[in-house]
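A short worksheet on the structure shown next.
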2 protein chains.
Amino acid sequence: MDGTPNIAKIGALLGDNTRARMLSTLMHGKALTASELAREAGVTAQTATSHLAKMEAGGLLALRKQGRHKYFALANDDVAALLETLMGLSAGVEPIRITTGPRDSAMRNARVCYNHLAGNKGIQLHDALITKRYLKHNDAELVLTRKGSHFMQEFGIDLDSLQASRTPMCRSCLDWSERRSHLAGSLGRALMAKFEQLRWVKRDGNSRVIKFSAKGEREFNSTFGL
Amino acid sequence: MDGTPNIAKIGALLGDNTRARMLSTLMHGKALTASELAREAGVTAQTATSHLAKMEAGGLLALRKQGRHKYFALANDDVAALLETLMGLSAGVEPIRITTGPRDSAMRNARVCYNHLAGNKGIQLHDALITKRYLKHNDAELVLTRKGSHFMQEFGIDLDSLQASRTPMCRSCLDWSERRSHLAGSLGRALMAKFEQLRWVKRDGNSRVIKFSAKGEREFNSTFGL
DNA sequence: TCCATACTTCGACGATAACCGAAGCATACA
DNA sequence: TGTATGCTTCGGTTATCGTCGAAGTATGGA
């Protein structure tokens with residue numbers, strides 16, 4: 001029951017720069033191969049192998065083998081949430097960055113958090129869903145209302161398959177740039193996927209930034225009453 | 001804006017067994033001196049000094065000097081929340097502990113989380129406050145209603161002084177044993193203090209366990225409609 | 001003033017772990 | 001079957017960091 005050794009173990013996993021860089025990269029939400037992660041982190045393949053094995057054993061990463069490739073992704077939403085929390089905490093601890101370059105403001109506006117929408121746009125979405133009574137708080141939980149279910153179906157989200165998934169459908173995730181909650185969970189992921197499919201948004205290949213097209217932004221706003 | 005090096009830095013701080021033990025100890029909520037922490041962690045004073053200095057520099061600990069003593073406490077609620085999150089994650093990752101000894105079940109029932117009530121009793125309290133409409137969710141925030149303010153004053157909580165404190169009055173904190181939210185923030189702390197003052201509960205000196213007296217449990221239940 | 005206590009600094013030792021070169025295994029494709 | 005590609009294992013080097021003994025500074029009390 002004494003969780004001490006465990007928190008040290010996870011802490012140690014997070015405490016190496018190379019591993020931290022890999023984890024941050026995986027916050028994009030995409031699964032990446034060992035060599036991609038090696039390149040991203042700036043180490044050789046051997047070194048990456050060792051790091052990835054440790055993180056998988058530690059429960060931080062999930063692994064999918066595909067032919068001669070090994071695809072790694074964050075193990076689950078909890079891990080993603082932990083990383084966001086850590087970033088939030090370290091952002092608060094560090095001397096506040098006053099200079100916010102163009103990339104920073106883009107990150108604050110909209111980015112992927114593991115696989116769902118975060119940043120200012122993520123919060124707008126979250127709040128709009130609540131204002132329109134599509135979502136409501138039930139104690140600490142976030143649940144989809146009947147009205148909300150109806151809307152999601154109309155919008156082209158397959159709720160049945162989401163319900164089947166093991167991760168909870170609605171989860172709130174603390175946004176590190178805004179310090180407010182945005183929508184995570186399988187519904188959050190499905191909405192993000194839908195936005196991409198509709199070409200409302202496009203991911204920037206190299207960062208977590210999400211770009212809204214002009215049309216996308218218009219339709220996003222009108223759909224959610226913003 | 002790239003939070004990578006920072007998360008590694010915090011991770012490294014958490015990644016040492018001795019430091020993790022110290023942090024866990026401080027989850028009791030009390031501030032402890034350097035030598036107490038040294039003893040608790042099983043290291044010499046020199047070693048403790050070095051660890052404590054690092055954690056203070058890293059923003060995890062707050063320091064108060066008092067004569068020749070140095071009192072250390074967790075820097076803020078965010079740090080406490082991070083630790084609870086980590087414990088929850090590592091509990092989920094580890095092979096599930098099926099054996100729940102008496103101490104375990106006591107921990108699950110009621111314990112201090114930094115300085116407020118956690119565990120099953122903490123969740124009961126949180127839920128009761130919401131059921132009775134003393135607290136309500138406002139978007140992601142938890143706020144005290146007028147009815148709630150009234151109740152708290154009656155109950156002997158000095159809301160004015162809480163409002164003056166820098167930490168938010170209501171915060172929800174994820175409970176690692178129950179995976180539900182309980183009440184943190186300055187109000188959570190004040191309630192906990194009140195329970196102790198009323199002798200409803202007593203802290204176990206050596207663990208985070210909180211024991212309800214028979215009378216305390218009765219009055220707790222009737223006060224919050226349980 | 002003198003001593004006890006609490007904490008810190010310094011230096012040295014030892015363990016751990018990150019890193020890469022070299023070689024090895026496994027899969028895919030021609 | 002041969003060759004390229006992706007990943008792994010092994011061995012050795014290097015750097016970092018936790019640890020404590022010894023000595024030093026600061027505070028409180030007799």
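Below, chain A is the first sequence line, B the second, and so on; all start at residue 1. Just so it is clear, the values below take in all heavy atoms, side chains as well, and ignore hydrogens, waters and symmetry mates.
Look at A:K54 and you won't find any side-chain N or O under 4.0 angstrom from OP1 or OP2 of C:dA17. Distances shown here put every side-chain N or O of A:H69 at or beyond 4.0 Å from the OP1 or OP2 atom of D:dT5. Contact annotation: A:S50 side-chain N/O to C:dA17 OP1/OP2 distance is not under 4.0 Å.
Protein atom NE2 of B:H51 is 8 Å distant from nucleotide atom P of D:dC20, rounded to whole Å. Rounded to whole Å, atom P of D:dG6 lies 14 Å from atom CG of A:L32. Between B:L37 atom CG and C:dA6 atom P the separation is 14 Å, expressed in whole Å. Rounded to an integer number of Å, the gap from CG of B:L63 to P of C:dA6 is 17 Å. Look at NZ on B:K9: it is 15 Å from P on D:dT16, rounded to the nearest Å. We find that CG of A:L52 is positioned 16 Å from C1' of C:dA17, with the value rounded to whole Å. Note: OH (A:Y71) to C1' (D:dC7) measures 13 Å, nearest angstrom. The CZ-P distance, from A:F72 to D:dG6, rounds to 15 Å in whole Å.
Distances from the side chain of A:K70 to the nucleotides D:dT8, C:dT9, C:dA6 place D:dT8 closest.
Listed by first and then second residue, the side chain to side chain donor-acceptor pair (under 3.5 Å) pairs that reach into residues 50-59 of chain A are A:R19-A:H51, sequence neighbours excluded. Within the structure, side chain to side chain donor-acceptor pair (under 3.5 Å) pairs that include any residue of residues 192-202 of chain A comprise A:E196-A:R203, A:W200-A:E219 (at least two apart or interchain).
Using a 4.5 Å heavy-atom threshold, the side chains of A:S24 and A:M87 count as touching. The shortest side-chain heavy-atom distance between B:K121 and B:I210 does not fall under the 4.5 Å cut-off. In this structure, B:F195 and B:L117 have side chains that are in contact, with non-hydrogen atoms separated by less than 4.5 Å.
Interatomic distance, CG of B:L89 versus CD1 of A:I7, reported as 11.5 Å (0.5 Å rounding).
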Handout entry: Per-nucleotide protein contact string for nucleotides 24-30 of chain D (B base, S sugar-phosphate only, - none; heavy atom under 4.0 Å)
Key = ---BS--

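In this view, B:K70 satisfies the salt bridge (charged side-chain N to carboxylate O under 4.0 Å, His left out) rule with no residue, not counting sequence neighbours. In terms of the side chain to side chain contact (heavy atoms under 4.5 Å, CB included) criterion, residue partners of A:A190 (sequence neighbours excluded) are, by chain and number, A:I157, A:L162.
Sequence order on DNA chain C of the closest nucleotides to A:T18 and B:E36 puts B:E36 first from the 5' end.
Side-chain atoms of A:E36 and A:T33 form a donor-acceptor pair, as typed in the model, at a separation below 3.5 Å.
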At a cut-off of 3.5 Å, list every protein nitrogen or oxygen paired with a nitrogen or oxygen from nucleotides 20-24 of chain C, distance to 0.1 Å.
residue, atom, partner, partner atom, Å
C:dC20, OP2, A:T44, N, 3.2
C:dC20, OP2, A:T44, OG1, 3.2
C:dC20, OP2, A:T47, OG1, 3.0
C:dG21, N7, A:Q46, NE2, 2.5

